[in-house]
Amino acid sequence: MIKQPAELAALQSAIDITTDSLQTLFAPDLLVSYQNEYELEADLTREFRHRGAAGHAFAPIIAGGKRACTLHNVTNEAPLGAGELLVLDVGAEVDHYAADITRTISRTPPTPRQQEVYDAVLAVQSYALTLIKPGILLKEYEAQVEVRMGEELQKLGLIETADHDTIRHYYPHATSHFLGLDVHDVGDYLSPLPAGVVITCEPGIYIPEEGIGIRIEDDVLLTEAGNKVLSERLTRDLYS
Ligand code: GLY
Ligand code: MN
């Protein structure tokens with residue numbers, strides 16, 4: 001669970017390659033040229049290998065619009081619809097270590113609704129990141145994030161009463177998992193976490209009836225001072 005310097009170097013390299021590769025795909029002229037999900041997968045594979053990664057650390061998830069509500073949509077076969085948001089949940093592998101980064105991006109100016117749901121996910125992620133520090137107990141953290149998510153879902157008009165079941169209808173997965181040799185690495189979910197642990201932070205909101213699925217995921221190292229977001233360099237703008 002506690003990563004040694006050589007492990008952190010491999011992880012950072014995997015994260016940097018993932019970051020640089022996604023930035024390449026997000027160049028506006030290239031991004032609007034894609035017609036199908038698999039074209040992004042093809043280019044991403046090329047970008048990972050071109051930068052020296054072994055390849056994908058896990059089956060990449062590239063999902064437009066409503067398909068992003070399928071959490072592990074790995075077929076990546078569908079045509080990209082006009083005005084759909086695009087979720088990319090991907091990671092390069094370097095020296096057997098996995099990156100795991102998700103960005104949601106709009107290829108055209110987003111609708112006010114898409115932007116407000118995106119901003120809600122971003123607000124929950126910002127809050128969750130403030131909680132990640134040595135001593136954190138993932139079960140308590142998850143409960144705190146759930147409360148914050150409930151406030152956002154109420155503001156979005158999606159739920160009236162915020163309780164576990166209503167919140168999890170729109171946010172049906174955990175906020176964090178361990179990251180390392182495996183994308184869902186082994187780790188102790190029941191004890192306070194020490195410095196040197198790397199976890200993801202990946203809240204999302206999924207509204208199939210509106211054709212909206214949004215997730216934002218970063219990779220976070222617990223440090224003596226709190227945490228360091230290893231994937232900080234990658235833009236979190238919905239549209240540029
Ligand atoms: N990257 C996919 C997942 O965390 O499940
Ligand atoms: Mn993940």
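As the structure lists them, so they are numbered: ligands from 1, and atoms in each ligand from 1.
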Open item on the list: Counting non-hydrogen protein atoms only, what is the nearest one to atom 4 (O) of ligand 1? Give residue, atom name and distance.
Closed with: His184 NE2, 2.8 Å
Open item on the list: Looking only at protein heavy atoms, which one is nearest to atom 2 (C) of ligand 1, and what is the separation?
Closed with: Asp89 OD2, 3.4 Å
Open item on the list: Please report the interatomic distance CE(Met149) to CD(Gln144), rounded to the nearest 0.5 Å.
Closed with: 14.5 Å
TODO: For a side-chain hydrogen bond (donor to acceptor under 3.5 Å, both in side chains) with Tyr97, tell me which candidate from Gln12, Glu7, Lys3 qualifies.
DONE: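 Result for side-chain hydrogen bond (donor to acceptor under 3.5 Å, both in side chains) with Tyr97: Glu7.
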TODO: Determine, using ring centers only, whether Tyr171 and His173 are less than 6.0 Å apart.
DONE: yes
Task: Near-ring test His184/Phe178, centroid separation under 6.0 angstrom - done: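 Between Phe178 and His184, the centre distance exceeds or equals 6.0 Å.
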Open item on the list: Under 2.8 Å from the Mn ion (ligand 2), is there any N, O or S atom belonging to His177?
Closed with: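 Under 2.8 Å: His177 contacts the Mn ion (ligand 2) through an N, O or S atom.
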Open item on the list: Regarding Asp89, does it place an N, O or S atom less than 2.8 Å from the Mn ion (ligand 2)?
Closed with: no
Task: Within-4.5 Å side-chain heavy-atom neighbours: Ile62 and Tyr34 - done: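 Heavy-atom side-chain distance check fails, nothing below 4.5 Å.
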TODO: Answer yes or no: is there a side-chain heavy-atom contact under 4.5 Å between Val90 and Leu22?
DONE: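 SC-SC contact between Val90 and Leu22 confirmed.
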Looking at [X], which atoms of ligand 1 are within less than 4.0 Å of one of its heavy atoms?
X      : value
Glu202 : 4 (O)
Asp100 : 1 (N), 4 (O)
Phe58  : 1 (N)
His72  : 2 (C), 3 (C), 5 (O)

Open item on the list: Heavy-atom contact check, 4.0 Å cutoff: does His173 meet ligand 1?
Closed with: no
Open item on the list: Less than 4.0 angstrom from a charged side-chain N to a carboxylate O is my criterion; do Glu47 and Arg51 meet it?
Closed with: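 A salt bridge links Glu47 with Arg51.
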In [X], what N, O or S atom is nearest to the Mn ion (ligand 2), if we give its atom name?
X      : value
Glu217 : OE2
Asp100 : OD2
Glu202 : OE2

TODO: Take Asp218 and Ser231 through the side chain to side chain donor-acceptor pair (under 3.5 Å) test and state the conclusion after the steps.
DONE: CA-CA 6 Å; Asp218 284 280; Ser231 46; 2.7 Å; yes
